[in-house]
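Notes follow once the structure below has been shown.
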Protein chains: 2
Amino acid sequence: MPRRAPTDTLCCPPATTTADTGLAPADSPEADEELASLAKALAHPVRVRIVRMLARKDARMCSHIVDELPLAQSTVSEHLRVLKAAGLVVTNERGPRIGYCIAPAALRRLKSLLQAL
Amino acid sequence: MPRRAPTDTLCCPPATTTADTGLAPADSPEADEELASLAKALAHPVRVRIVRMLARKDARMCSHIVDELPLAQSTVSEHLRVLKAAGLVVTNERGPRIGYCIAPAALRRLKSLLQAL
DNA sequence: ATCGCCAATCGTCGATTGACGATAGCTCGG
DNA sequence: CCGAGCTATCGTCAATCGACGATTGGCGAT
C-alpha cells in the first residue's frame, strides 16, 4: 500500500452552530439564481458522487477522491473547484494536504430552496 | 387587453395517486445520474422561475410564460423542452394551446434524492 | 377555406463545460 | 536544503448550452 496522508489531521469546521434553516427568502429572483447556481454544481454525476463521498466523511483529500474515480487528477480538481465555487464544499488547508468537506449550511440551503418549490 | 386563451380547459393530471415517495434507491451510480440529470434541468434561473410559475398553477400556456419573461418565444420553448425532457414538466396537448404543468412525482423524486445527501 | 394565434423546430453564433497532460508551487520529512 | 507527495493552474480540444430569428405546422374561429 502506497504511503499516503494520515487522514487524521484533516478536519471539517466544527458543525455550523448558526441555525440557518431556510430563513432567507426562497422565492425571489435572487433565490432563483441561488437555486440555479447550487443545482448547476450538482448537475454532473461525478460531482454528485463527490458530494456523497464527502457527506459520508470519506475520502477527504483530493488524491483520495482521485483514487476512487476513473478520472485524471486535474479533472477531479476542477470538479472540486466548481463545488467550492458554489459554496457546497469548503477546504481546510493545512500544508500540502488539503481537507475537502461538505458545507452543511449550503446543503441545507439547497434543500430548503428546493422544498419551497 | 389582447384576446388570449381561456386558461380554463387547460389542466394538469388529476393528482398523482401513486404514493412514490422515495422508494427507489437514492444512493447508487444510477441515483447519481438521476440526481445530476434533474439538477441540470434546474441549473438555469429561467427554468427555476418557470417551475415556480407552474408550481403556483400560474401561466399554463407557453405564451403566458413568454409574456412574463424577457426572452424570445423560441428560447422559452427550448427551456420548456429541457424541463419536459427531464420529466419535471408534462404537457396536456389540447389543440393549439398546450397546457404545461409540473410533474409532482418528479419533483418529489428530486427532493427525495437531495434529502438523501 | 382562409386567417390568426400558438408552439416546435432549424440553423447559427458565441460562450461555457468537461476532459486531459504538462507544469508549477507548496509543505513537510529526511 | 533537497526531494517527495499533493494540488492548482494553464493550454488545448471537442462537445454542449443559451439565445435569437425565421420558418413550419396545427387547430379554431371567422
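Values reported hereafter were calculated over all heavy atoms of this structure, with side chains retained and with hydrogens, waters and symmetry mates removed. Residue numbering restarts at 1 for every chain, and letters A, B, ... go by the order of the sequence lines.
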Whole angstroms only, please: what is the [atom1]-[atom2] distance between [X] and [N]?
X       : N      : atom1 : atom2 : result
A:His44 : D:dA15 : NE2   : C1'   : 12 Å
A:Lys40 : C:dG18 : NZ    : P     : 8 Å
B:Met61 : D:dC27 : CE    : P     : 16 Å
B:Ile50 : C:dA7  : CD1   : C1'   : 14 Å
B:Leu42 : D:dG18 : CG    : C1'   : 16 Å
A:Arg60 : D:dC6  : CZ    : P     : 16 Å

Are the side chains of [Y] and [X] in contact, using a 4.5 Å heavy-atom criterion?
X        : Y       : answer
A:Arg109 : A:Glu34 : yes
B:Ile98  : B:Asn92 : no
B:Val66  : B:Leu71 : no
B:Thr75  : B:Val46 : no

N or O in side chain of B:His64 less than 4.0 angstrom from C:dC6 OP1/OP2: no

Closest approach of A:Cys62 to A:Val76 (non-hydrogen atoms, all atoms of both residues): SG-CG1, 4.2 Å

For DNA chain D, the residues among residues 70-89 of chain B that have a non-hydrogen atom under 4.0 Å from it: B:Leu71, B:Ala72, B:Ser74, B:Thr75, B:His79

Side chain to side chain contact (heavy atoms under 4.5 Å, CB included) evaluation trace for B:Leu107 with B:Lys111: CA-CA 6 Å; B:Leu107 201 52; B:Lys111 293 175 183 177; 4.1 Å; yes

